[in-house]
Amino acid sequence: MSVPSFDVERVRKDFPILSRELPGGRPLVYLDSGNSSQKPAQVIDTMRDHLAQHYSNVGRALHALGSESTEAYEAARDKIAQFVGASSRDEIVFTKNASEAINLVAYGFGNPVNTDDRFRVGPGDEIVITEMEHHSNIVPWQLLAQRTGATLRWFSVTDEGRLSLDDLDELVNERTKIVSIVHQSNVLGTVNSISPILARAREVGALMMIDASQSVPHQRVDVTDLDVDFVAFTGHKMLGPSGIGVLWGRRELLDAMPPFLGGGEMIEAVWMDHSTYAPVPHKFEAGTPPIVEAVGLGAAADYLTSIGMDAIKQHERELTAYALDALAELPGLRIVGPRTVIARGGTVSFTLDGIHPHDVGQILDDVFGVAVRVGHHCARPLHLRFGIPATTRASFYLYNTTAEIDALVRGLHHVQKVFG
Amino acid sequence: MIAESMYQELILEHYKHPQGRGLREPYDAEVHHVNPTCGDEVTLRVKLDDGKVLDVSYDGQGCSISQAAASVLHELATGSTVEETLSVVDEFTRLMQGRGQIEADEDVLGDAVAFAGVAKFPARVKCALLSWMAFKDAVLRSQA
């Protein structure tokens, strides 16, 4: 089957920042999209146009601008619903980021006002995550466990950087209330197979959440196909602005959950001693939302669709294969994560013998203009699992080229010369 | 190529051949300091006697800047007086927190002047200061 033609040079022209120079005349080689992606002119222009021509508060203003702004904000919801295959636009909740989306769900559990049995959590109940989670999918569940006396458990990670499902049936059991796992690891690049875990969760009556922050930007993610209960992702990693994230949730569950934050816009009626709440999704969108950011995210979804998610996935797959081969040539370089492109995205983390990642990152940036991320990438437990304090991470996106990977490899050779 | 100048020959030399590394007995105080942003850590011991620094021993992990800074500290402090050493620590701290705008006093700092370039990289200042702050802490504890 052929994928629509993909012209990376044409794509690059859509991203103004990619043609800028760094101080000292260095070209920019941006290999940090797993951290945050760059923005195409289509997103920037849409946001600028909204601010310049249509801006007003949403939902409450009856004037012309109020309705234009509301229309654009709600149209963004439609675009996102379509982008991830949600069966209803009301299942798309705009949040500040993926962290907020996960916290929103976590606070739905063990909340005395939530009498739905599926969300009742106490001592003896269990929450299951994995060792390869970003802190945003660890800490909210630790907090839930602390609030309720429930037990936090996790899948371990194999030496190759895959989830170990050997003890699936023991880990996910009748005591499990929710399983929350990452779709694509932000360090290893591993894309986890959801279905076996989901099947077990269904068997025992547990709910299941996916952190899709690193997958939604890079492959077609269809929440209806995934068939889980909650999916969180963020705007800024998918060519949209920062300050906007998304929670998709099954309508019936969102209806059953209590509000997360209270305030304006999330109510139906308010008395001095109690309130009734707006229907979803507005029940979860207290206060003035990130209006322009939502509009920008809608434009980002349009842009990604116009390029084609399958074409993007294919391009990144080629880049990843190229990078894995090229990096393997470097002596003393150890890839942390799968060494093949099977069930793996374009995020490649590694260590260099005897050289600390901060030194690697500094030289790459300063001499070659290569932007990578160094450190534990908000996944400290995963680094502890591999017995290392930090890694250097190159992460690719639709606008990256094999020439940029060559620049990375040249840079790494130089790093080894400086510190060797 | 600003960073290249940060990695002075002297820093790389100390990184590749750290002086006084390893934890030793006897000691008056031991401290463990961590840089939470990057995970660098150092365990540091001091042995003082009659206002003199008899030994600074340390172990840890981290980038070249943090490891070389510990090595330079060991060289500067060992055999010197507590008072002199603490004034070097203060001058070093002032230099590191000066955003590259401060002229380093080479007479006070000695080899530590090689770290002057680090001050231009706010993200790396903590790396350079890690073991020096640990030393100050250890001295305070041993005198408590």
Side-chain angles (χ1 to χ4, degrees), chain A residues 21-27 29 32 35 135 139 187 332 336 349 351-393 410-420, chain B residues 1-18 21 32-44 58-72 96 99-100 114-132 134:
Chain A
E21 268 190 1
L22 298 174
R26 288 165 296 159
V29 177
D32 197 22
N35 196 352
H135 296 162
V139 184
V187 176
V336 180
S349 297
T351 57
L352 277 185
D353 262 358
I355 309 174
H356 193 279
H358 282 102
D359 293 322
V360 177
Q362 191 97 57
I363 295 284
L364 285 180
D365 172 52
D366 199 68
V367 185
F368 298 90
V370 176
V372 293
R373 185 166 170 190
V374 294
H376 54 48
H377 321 301
C378 300
R380 188 162 182 273
L382 180 67
H383 283 77
L384 292 176
R385 148 63 185 94
F386 282 96
I388 46 179
T391 50
T392 301
R393 180 185 77 178
R410 269 199 310 279
L412 292 172
H413 277 296
H414 183 74
V415 167
Q416 288 187 319
K417 222 168 64 194
V418 173
F419 294 99
Chain B
M1 311 278 168
I2 327 159
E4 294 266 290
S5 70
M6 176 176 91
Y7 293 111
Q8 294 281 319
E9 199 53 44
L10 187 127
I11 294 179
L12 291 174
E13 199 48 43
H14 274 276
Y15 174 56
K16 289 170 193 169
H17 307 288
R21 192 183 168 87
H32 181 73
H33 280 214
V34 177
N35 181 352
T37 54
C38 63
D40 285 2
E41 41 189 296
V42 66
T43 304
L44 184 139
Y58 63 94
D59 204 359
Q61 57 175 18
C63 64
S64 60
I65 302 298
S66 71
Q67 299 305 296
S71 174
V72 169
M96 285 299 108
R99 296 155 185 253
F115 290 84
V118 177
K120 294 190 204 98
F121 296 86
R124 307 302 296 277
V125 166
K126 276 186 180 167
C127 309
L129 284 176
L130 182 68
S131 56
W132 291 61

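Below, read A as the first sequence line, B as the second, and so on, with proteins coming before strands; counting in each chain starts at 1.
- A:Gly354 approaches B:Tyr15 most closely through the heavy-atom pair O-OH, 2.7 Å.
- Looking at A:His358, the atoms closer than 4.5 Å to chain B (heavy atoms on both sides) sit in the backbone and in the side chain alike.
- The side chain to side chain donor-acceptor pair (under 3.5 Å) contacts involving residues 381-393 of chain A comprise A:Asp159-A:Arg385, A:His377-A:Thr391, A:His383-A:Thr391, where partners must be two or more places apart or lie in separate chains.
- Nearest heavy atom pair, residue A:His356 against residue B:Asp40, reads NE2-OD1, 3.2 Å.
- Comparing B:Gly62, B:Ser66, B:Ala123 by how many heavy-atom pairs each has under 4.5 Å with chain A, the most go to B:Gly62.
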- Item | Audit row: A:Gln362, B:Ile65, side chain to side chain contact (heavy atoms under 4.5 Å, CB included) steps and yes/no | CA-CA 11 Å; A:Gln362 191 97 57; B:Ile65 302 298; over 6 Å; no

- Message: What verdict does the side chain to side chain contact (heavy atoms under 4.5 Å, CB included) test give for B:Arg124 and A:Asp359, after you've listed the backbone C-alpha separation in whole Å, the side-chain angles of each residue and the deciding distance to 0.1 Å?
- Response: CA-CA 10 Å; B:Arg124 307 302 296 277; A:Asp359 293 322; 3.0 Å; yes

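- Between the CG atom in A:Asp366 and the CZ atom in B:Phe121 there is a gap of 5.0 Å [rounded to 0.5 Å].
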